[in-house]
There are 2 protein chains.
Amino acid sequence: MTDERRKFKRESAEARKEALILATLELVAENGVRGATVRGIAERADVTQGLIRHYFSSKEELIIAAYEHHMNQMTDLTFAPGAAAGSARARLRAFVDGSLTPPVVDPRALALWASFLNKVQNDPQMKETHQRTYAYFRDRLEALIAVALEEAGRPAPAARLRQLAIACNAVIDGLWLEGGALPDAFGAGELVEIGRQSVAAITGLDLTQEAET
Amino acid sequence: MTDERRKFKRESAEARKEALILATLELVAENGVRGATVRGIAERADVTQGLIRHYFSSKEELIIAAYEHHMNQMTDLTFAPGAAAGSARARLRAFVDGSLTPPVVDPRALALWASFLNKVQNDPQMKETHQRTYAYFRDRLEALIAVALEEAGRPAPAARLRQLAIACNAVIDGLWLEGGALPDAFGAGELVEIGRQSVAAITGLDLTQEAET
DNA sequence: CGAGTAATTATGCAAGTGTATAATTTCTCC
DNA sequence: GGAGAAATTATACACTTGCATAATTACTCG
């Protein structure tokens with residue numbers, strides 16, 4: 001009955017890093033950044049803690065890598081759906097829909113966002129990632145609104161477009177936040193419905209009709 | 001040169017608890033809940049750590065007390081301004097204004113909200129406080145919208161009112177979030193301006209005009 | 001002004017933290 | 001199939017954490 005040294009299998013650096021990052025995101029979502037301990041992450045990834053040091057020079061570096069992984073995934077999820085759709089109005093509607101349905105709207109996604117916020121505000125590298133992601137979102141939304149308004153024969157000046165983009169982004173963010181914070185407070189499709197109506201009311205564009213082929 | 005025992009002054013339980021809570025909120029905003037250590041809090045409150053145990057049976061209890069203190073303060077700040085104003089439309093406008101100006105819109109307030117979120121999702125007592133506060137906000141907003149629409153001669157059914165309240169709450173929350181996350185991204189009064197316009201567009205009420213005496 | 005009491009400080013402890021380093025195992029390549 | 005190298009495990013260390021408990025101080029009240 002002697003304690004035997006643990007068996008293991010060698011994996012590619014890529015696979016191991018990804019596994020460690022995913023385990024990190026799980027624990028950060030559950031317990032916050034400080035609650036995601038090196039030992040806990042290693043256990044979740046079914047690995048011993050020394051390995052983390054082998055792939056990341058510090059816990060800090062792993063956290064940053066996990067944050068960037070998460071942010072990239074969120075933008076992909078939001079923009080992938082309607083990227084190829086036809087009219088700008090249809091793409092705008094797809095953007096709203098994608099932003100207000102799972103897995104974007106999700107308690108875990110919100111928990112991750114909140115958990116990272118402190119570090120985002122302090123760490124320069126994470127701050128830069130955050131600002132870049134936010135600007136990407138809003139610029140893309142602003143461009144979509146601009147084209148959709150032109151399509152509708154009601155082009156708007158730059159200052160006005162900026163306000164509309166900020167406002168639409170805010171409704172979407174607010175609904176995303178509330179949907180993640182109180183998952184049982186809204187019926188199926190309710191957030192999408194309210195999101196469409198609100199963006200429509202703010203921009204004056206009709207987003208309720210069926211998508212054109 | 002002997003180490004002398006530290007001098008101190010006795011304070012009322014009320015004052016000490018409040019000081020400890022304020023110190024806790026500072027540290028939670030800066031470093032998150034786990035980063036707010038008992039020793040750090042004691043130092044910030046200019047007290048030794050043993051005293052915390054004297055007033056709160058555990059760190060957990062202090063955190064909960066700090067959270068409730070913060071939430072109460074936020075609701076007071078939001079509703080105090082326009083409580084006595086005349087028309088429902090004026091009160092609605094005051095609500096928007098109060099929600100979108102400092103100290104409600106503030107990086108620290110956002111950091112606190114984010115830092116507490118994890119515990120809010122797990123701890124039943126904190127969850128209850130959160131849901132109660134959210135419901136209070138939204139019900140109050142919904143009532144305000146209902147009366148304002150009646151004033152304007154356009155009463156709305158309950159289902160519609162619910163949607164309008166959710167939507168308006170979302171814009172306000174979203175703008176609050178973005179104002180706190182990116183304090184330098186918006187000009188003075190810009191959030192209030194956009195907030196008024198958006199709530200106006202969603203509800204169909206005019207909030208841009210000057211307040212009536 | 002002096003005793004009693006509650007507030008406050010001081011000290012200690014066991015568990016958990018990130019990180020460094022040594023010991024071993026798995027795989028590749030000849 | 002065996003040597004070399006890299007991946008992985010194991011162990012140790014200094015430090016921080018929350019909490020418990022003992023020692024002291026400041027204030028109250030007769």
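Letters A, B, ... mirror the listed sequences (proteins, then strands); counts begin at 1.
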- Take the protein atom NE2 of B:His54 and the nucleotide atom P of C:dT9, then report the distance between them rounded to whole Å. 11 Å
- What is the distance, rounded to the nearest whole Å, between atom CD1 of B:Ile52 and atom C1' of D:dC19? 11 Å
- Donor/acceptor link under 3.5 angstrom from A:Arg5 side chain onto base of D:dT9: yes
- Applying the side chain to side chain contact (heavy atoms under 4.5 Å, CB included) test to B:Leu112, which of B:Leu117, B:Asp106, B:Leu25 qualifies? B:Leu25
- Message: How many whole angstroms separate atom NZ of A:Lys59 from atom C1' of D:dT16?
- Response: 13 Å
- Query: With no angle test and no hydrogens, is the base of D:dA7 tied to the side chain of A:Arg16 by a donor-acceptor pair under 3.5 Å?
  - Reply: no
- Examine the base of C:dA7 for any acceptor or donor lying under 3.5 Å from a partner atom in the side chain of B:Arg10, and report the outcome as yes or no. no
- Query: Start at the 5' end of DNA chain C and walk down; is the nucleotide closest to B:Glu11 or to B:Gln49 reached first?
  - Reply: B:Glu11
- Round to the nearest Å and state the distance from B:Arg53 atom CZ to C:dC13 atom P. 18 Å
- Query: Among side-chain atoms of B:Arg132 and B:Tyr136, is any donor-acceptor pair under 3.5 angstrom?
  - Reply: no
- Less than 4.0 Å between a side-chain N and a carboxylate O, is that true for B:Glu43 and B:Arg39? no
- Residue met sooner reading DNA chain D from 5', once A:Val47 and A:Arg39 are mapped to nucleotides: A:Val47
- With heavy atoms under 4.0 Å as the rule, sort A:Phe56 into base, sugar-phosphate or nothing. nothing
- Task: Strictly below 4.0 Å, heavy-atom distances to any atom of DNA chain D: list the hits from residues 18-37 of chain A, or just say none.
- Result: none
- Query: Does the B:Thr129 side chain pair with the main chain of B:Glu68, one donor and one acceptor, at a distance under 3.5 Å?
  - Reply: no
- Could you tell me which non-hydrogen atom of B:Val38 sits nearest to which non-hydrogen atom of B:Ile52, and how far apart they are? O-CD1, 3.5 Å
- Item | Residue pair B:Val28, B:Ile63: steps toward the side-chain contact (heavy atoms from CB on, under 4.5 Å) verdict | CA-CA 9 Å; B:Val28 169; B:Ile63 294 291; 4.3 Å; yes
- Task: Look at the side-chain N and O atoms of A:Tyr55 and state whether any lies under 4.0 Å from the OP1 or OP2 oxygen of D:dA7.
- Result: no
- Query: Roughly, in whole Å, what's the span from CD in B:Glu60 to C1' in D:dT17?
  - Reply: 15 Å
- Message: I'd like to know if A:Arg6 pairs up with A:Asp46 as an ion pair, taking the criterion as any Lys NZ or Arg NE/NH1/NH2 lying under 4.0 Å from an Asp or Glu carboxylate oxygen.
- Response: yes
- Note on the structure: Regarding the side chain of A:Lys9, the nearest nucleotide among C:dC27, C:dA10, D:dT9 is C:dC27
- Message: Expressed as a whole number of angstroms, how long is the span from A:Lys7:NZ to C:dT25:P?
- Response: 7 Å
- Query: Separation of A:Leu62 atom CG from C:dT19 atom C1', in whole Å?
  - Reply: 14 Å
- Note on the structure: Atom CD1 of A:Ile41 and atom P of C:dT19 are separated, to the nearest Å, by 11 Å
- Hey, which sits more toward the 5' end of DNA chain D by its nearest nucleotide, B:Phe8 or A:Thr48? A:Thr48
